[in-house]
**Student:** 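I am attaching a structure below and will ask some questions about it afterwards.
None of these values were measured; they are calculated from a predicted model. These values consider heavy atoms only, across backbone and side chains, with no hydrogens, waters or symmetry-generated copies.
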Amino acid sequence: MPHATVFDLEFTAWPGTMESRWLRPGEFRELVQIGAVKIDAESFAVLGELNVLAKPKINPVLSDYLVKLTGVTNEALAERGLDFRDAYQRFVDFAKGGVICAFGRDDLIFAENIRLHDIKGAPPCPPYVNAVELLREHGIDPTGFHACDVARLCGAMFEGREHDALDDARSVAAGLKALVARGARNILLP
């Protein structure tokens with residue numbers, strides 16, 4: 001049974017960072033949450049879930065903006081947060097043996113964090129596919145939308161908290177499932 005892992009990432013942000021694309025001095029896209037849903041790549045049945053908090057090192061205190069947006073608090077990071085290396089390793093181990101898929105280029109955020117944390121010999125990400133391609137193939141313009149919007153854009157239900165990485169990963173998986181049920185090609189299969 002082939003499997004795939006649909007994931008989403010939350011990373012440090014401040015008011016205006018999306019508009020400035022994290023180009024202002026001192027702003028980096030340091031991971032704070034990895035949410036992932038492992039699914040049967042054919043039936044879309046959920047096989048497991050992963051929800052990991054990661055401690056940022058350059059900007060270790062989350063902005064009020066990010067806390068309000070994601071619900072991830074500084075207290076939660078202090079209690080349950082892992083170093084990025086350990087959080088990333090958990091994701092790679094969880095996804096092993098299948099493709100990974102996200103809304104946008106979250107695979108590049110992993111690469112950026114590997115560089116930011118100066119991790120030598122980090123395991124490579126599994127093969128990556130971008131859910132945006134399938135949306136565009138089916139006339140859905142994702143411009144201005146986020147992973148939490150994918151389920152609704154594809155005619156499926158979104159349940160959960162917007163900008164929570166695990167709930168957003170569930171949204172992307174639900175959207176892909178809805179498109180494939182309507183005859184779209186399944187980008188999660190080889």
**Student:** When Gln33 is tested against each of Asp168, Thr70, Asp164 for side-chain hydrogen bond (donor to acceptor under 3.5 Å, both in side chains), which residue passes?
**Tutor:** Asp164
**Student:** For residues 132-139, please give each side-chain donor-acceptor pair under 3.5 Å, one per line with the distance, not counting sequence neighbours.
**Tutor:**
from   : atom 1 : to     : atom 2 : distance (Å)
Glu137 : OE1    : Arg185 : NE     : 3.0
Glu137 : OE2    : Arg185 : NE     : 3.0
Glu137 : OE2    : Arg185 : NH2    : 2.6

**Student:** Do NZ/NE/NH1/NH2 and the carboxylate oxygens of Arg105 and Asp107 come within less than 4.0 Å?
**Tutor:** yes
**Student:** Check each of Leu62, Leu31, Val61, Thr17 against Thr12 using the side chain to side chain contact (heavy atoms under 4.5 Å, CB included) test, and report the only one that passes.
**Tutor:** Leu62
**Student:** Is the centre of the Phe103 ring less than 6.0 Å from the centre of the Phe145 ring?
**Tutor:** no
**Student:** Would you say Arg152 has more than 12 foreign heavy atoms packed within less than 6.0 Å of its CZ?
**Tutor:** yes
**Student:** Of all the heavy-atom pairs spanning Gly81 and Lys55, show the shortest one and how long it is.
**Tutor:** O-CE, 3.1 Å
**Student:** Would you find a donor on one side and an acceptor on the other, under 3.5 Å apart, between the side chain of His117 and the backbone of Glu112?
**Tutor:** no
**Student:** Got a salt bridge between Asp93 and Arg90, using NZ or NE/NH1/NH2 to carboxylate O under 4.0 Å?
**Tutor:** no
**Student:** I want to check a possible cation-pi pair here: Lys57 against Phe84, using under 6.0 Å from ring centre and within 45° of the ring axis as the test.
**Tutor:** no
**Student:** Taking all heavy atoms of Ala151 and all of Ser171, pick out the closest pair and write down the distance.
**Tutor:** N-OG, 3.1 Å
**Student:** For Gly104, is there any backbone N or O sitting under 3.5 Å from a side-chain donor or acceptor partner on Asn130?
**Tutor:** yes
